[in-house]
**Student:** 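One structure coming up, written as structure tokens, with questions to follow.
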Amino acid sequence: MGKYDVKRAVIPCAGKGTRFLPVTKGTPKEMCPIVDKPTLDYIVDECIDGGITNILIILSEGKDDIRRYYHNDVDYEKELIEKGKTEFASIIHNVANKANFYFTVQHELLGLGHAVLQAKEFIKNENFIVCCGDDICTYEGDAPSKQLIEAFKKTNGHTIVGGQKVKHEMISKYGCMDINREESARLYSLKGIVEKPNIEEAPSDLASLGKWVFNSKIFDYIEKTPKGKGGEIQLTDAIALMIKDEPVYFYDFVGKRYDCGDKLGYLKAIVDVALKRDDLKDSFKEFLKEKDFR
Ligand code: UTP
């Protein structure tokens, strides 16, 4: 394996999903379906498209539905084969076998930085991508995960913050980039990064959108990070500490991103995914055309 190869992914899914109550009282938001696949599975597939083979999912207590979904259910598979339903048998076989899945529990919800820290043992000295469990992307060309991993290689293994430009009035919802300069197309070196700034103080409209590529040094910085906004250990604050010591980059990835932890973002994802599906798009378009939006 090359020094800058990235084969491992960490997907934090421990959050409470308060914005999505009441369903998240009983079901993890990452398991809410977009057509016929859980939200999380789109992220898993994007990681696999980016060349990832080993995936660690960070859970919290009560999120066992996620573990169960990726369990290799050989009895059910056998039952479907015996009934002649081989197509369905291969669907469930593929879910459990498309990557190597690992799980760990974040016992106290102390923030995204703390969630990533739970991956320290799993990562050891390797490089890894982090993708939030509620942020999905649709894309025509390379998967955003692949674009970020390519950027990581190009910068000889320095941290890559993945994101995009957002509307100015939205920037205070995100980690915001303080740009040093544009190094090449879509790749920017950073002077700083600020978690959820006030609009007046935001240094740019470039927002961190739920994907990062790191080497294992990030764990040292998370361990040094004090509690920040909301009393949580923020991943953005750990990256801000890292920027003081070494180059860190932002990559403006190509792809349409949906915040599925937000009700409107989730609805938009369902509509757009359905409109891309060969088995649904024509009849779904017909249905939408019949709507009277006046
Ligand atoms: P969010 O803030 O979007 O998730 O965190 P949340 O906490 O579930 O959201 P609300 O505000 O309560 O609705 C971004 C990502 O970080 C994970 C979440 O699961 C989500 O994927 N996360 C957050 C953790 O894994 N652990 C934490 O302590 C916090």
Side-chain angles (χ1 to χ4, degrees), residues 9-32 34 38-47 55-67 69-70 101-123 128-137 144-145 161-164 166 170-176 193 195-197 207-212 214 218-219 222-223 225-239 257-269:
V10 174
I11 308 184
C13 292
K16 281 213 180 314
T18 3
R19 285 171 296 156
F20 231 115
L21 279 168
V23 68
T24 44
K25 183 171 180 292
T27 306
K29 64 178 166 183
E30 297 81 5
M31 287 304 290
C32 289
I34 295 173
T39 300
L40 172 61
D41 217 21
Y42 289 85
I43 297 150
V44 163
D45 287 345
E46 191 206 312
C47 287
I55 299 177
L56 175 71
I57 300 177
I58 313 285
L59 303 173
S60 49
E61 320 282 349
K63 288 214 171 178
D64 284 334
D65 287 10
I66 294 178
R67 207 190 281 260
Y69 179 75
Y70 288 105
F101 292 100
Y102 305 84
F103 303 90
T104 193
V105 174
Q106 183 190 14
H107 290 286
E108 265 186 296
L109 299 188
L110 296 177
L112 183 57
H114 182 258
V116 172
L117 191 56
Q118 310 309 305
K120 193 176 169 181
E121 285 299 302
F122 170 76
I123 296 299
F128 62 110
I129 186 165
V130 173
C131 294
C132 282
D134 55 359
D135 258 318
I136 77 154
C137 284
S145 58
V161 179
Q164 290 177 337
V166 296
M170 301 302 282
I171 192 68
S172 49
K173 277 177 63 182
Y174 302 100
C176 171
I193 181 168
E195 181 65 14
K196 300 189 173 79
S208 167
L209 297 178
K211 294 181 205 298
W212 304 259
F214 297 112
I218 190 65
F219 296 120
I222 299 175
E223 278 167 343
T225 302
K227 285 183 182 169
K229 282 233 158 97
E232 295 189 337
I233 298 173
Q234 300 287 354
L235 186 58
T236 299
D237 293 345
I239 298 169
R257 173 258 178 191
Y258 305 84
D259 175 5
C260 295
D262 168 78
K263 285 170 223 175
L264 187 59
Y266 176 68
L267 274 178
K268 287 179 181 173

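None of these values were measured; they are calculated from a predicted model. Counting starts at 1 for both ligands and their atoms, in listed order.
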**Student:** Which protein heavy atom lies closest to atom 12 (O) of ligand 1, and at what distance to 0.1 Å?
**Tutor:** Thr18 OG1, 2.3 Å
**Student:** Which value, rounded to the nearest 0.5 Å, describes the distance between Tyr174 atom OH and Gln164 atom CD?
**Tutor:** 9.5 Å
**Student:** Answer with yes or no whether Glu232 contacts ligand 1, where contact means a heavy atom under 4.0 Å from a ligand atom.
**Tutor:** no
**Student:** Within the structure, is a non-hydrogen atom of Gly111 found at a distance of less than 4.0 Å from ligand 1?
**Tutor:** yes
**Student:** Are any of the side-chain nitrogens in Asp135 or Arg257 under 4.0 Å away from the carboxylate oxygens of its partner?
**Tutor:** yes
**Student:** For the CD1 atom of Ile136 and the CG atom of Asp259, what is their distance to the nearest 0.5 Å?
**Tutor:** 10.5 Å
**Student:** Look up atom CG in Asp41 and atom CD in Glu46, then write down how far apart they are to the nearest 0.5 Å.
**Tutor:** 12.5 Å
**Student:** Do any non-hydrogen protein atoms sit less than 4.0 Å from atom 19 (O) of ligand 1?
**Tutor:** yes
**Student:** Check the side chains of Glu61 and His107 for a donor-acceptor pair under 3.5 angstrom, ignoring hydrogens and angles.
**Tutor:** yes
**Student:** Which protein heavy atom lies closest to atom 21 (O) of ligand 1, and at what distance to 0.1 Å?
**Tutor:** Pro12 O, 2.9 Å
**Student:** Can you find a non-hydrogen atom of Glu108 under 4.0 Å from ligand 1?
**Tutor:** no
**Student:** Nearest to atom 5 (O) of ligand 1, what protein heavy atom do you find, and at what distance?
**Tutor:** Asp134 OD2, 4.8 Å
**Student:** Any idea how Tyr266 and Phe20 line up, ring-wise: parallel (<30°), tilted (30 to 60°), or perpendicular (>60°)?
**Tutor:** perpendicular
**Student:** List every atom of ligand 1 that sits less than 4.0 Å from any heavy atom of Glu30, numbering the atoms from 1 in the order shown and giving each element.
**Tutor:** 19 (O)
**Student:** Which protein non-hydrogen atom lies closest to atom 8 (O) of ligand 1, naming both residue and atom, and how far is it?
**Tutor:** Gly17 N, 2.8 Å
**Student:** Distance check, rounded to the nearest 0.5 Å: Cys47 atom SG versus Lys211 atom NZ?
**Tutor:** 7.0 Å
**Student:** Go through ligand 1 atom by atom and flag the ones less than 4.0 Å from a non-hydrogen atom of Leu112.
**Tutor:** 16 (O), 29 (C)
**Student:** Give me the residue, atom name and distance of the protein heavy atom closest to atom 9 (O) of ligand 1.
**Tutor:** Lys29 NZ, 3.4 Å
**Student:** Mind checking the CG-CG spacing from Leu235 to Leu112? Nearest 0.5 Å is all I need.
**Tutor:** 5.0 Å
**Student:** At what distance is the nearest protein heavy atom to atom 15 (C) of ligand 1, and which residue and atom is it?
**Tutor:** Cys132 SG, 3.6 Å
**Student:** Heavy-atom distances under 4.0 Å decide this one: backbone, side chain, both or neither, for Leu110 against ligand 1?
**Tutor:** backbone
**Student:** Can you confirm if the aromatic rings of Phe128 and Phe219 lie within a centre distance of less than 6.0 Å?
**Tutor:** yes
**Student:** Need the ligand 1 atom indices (1-based, order shown) with element for anything under 4.0 Å from a heavy-atom of Leu109.
**Tutor:** 28 (O)
**Student:** Check contact between Gln106 and ligand 1, using heavy atoms of the residue and a distance below 4.0 angstrom.
**Tutor:** yes
**Student:** Got the closest protein heavy atom to atom 25 (O) of ligand 1, with its distance?
**Tutor:** Ala14 N, 3.0 Å
**Student:** So which of His114, Gln118, Arg19 gets nearest to atom 11 (O) of ligand 1, if we judge by its closest heavy atom?
**Tutor:** Arg19
**Student:** Set out, in order, the CA-CA distance, both residues' side-chain angles and the distance that settles salt bridge (Lys or Arg N to Asp or Glu O under 4.0 Å) for Asp262 and Lys268, then state yes or no.
**Tutor:** CA-CA 10 Å; Asp262 168 78; Lys268 287 179 181 173; over 6 Å; no
**Student:** Once rounded to the nearest 0.5 Å, what's the spacing between atom CG of Leu56 and atom CD of Glu121?
**Tutor:** 11.0 Å
**Student:** What's the shortest distance from atom 22 (N) of ligand 1 to any protein heavy atom, and which residue and atom give it?
**Tutor:** Gly15 N, 3.7 Å
**Student:** Is there a heavy atom in Ile58 that sits closer than 4.0 Å to ligand 1?
**Tutor:** no
**Student:** Return a yes/no value for Gly133: is any of its N or O atoms, backbone included, closer than 3.5 angstrom to an N or O of ligand 1?
**Tutor:** yes
**Student:** Does ligand 1 come near enough to Ala115 that some N or O of the ligand is less than 3.5 Å from an N or O of the residue?
**Tutor:** no
**Student:** Start with the C-alpha gap between Gln106 and His114, add the side-chain angles, then the distance that decides, and say whether side chain to side chain donor-acceptor pair (under 3.5 Å) holds.
**Tutor:** CA-CA 8 Å; Gln106 183 190 14; His114 182 258; 2.9 Å; yes
**Student:** Using the side chain to side chain contact (heavy atoms under 4.5 Å, CB included) definition, which of the options Ile66, Ile43, Thr39 pairs with Cys13?
**Tutor:** Ile66
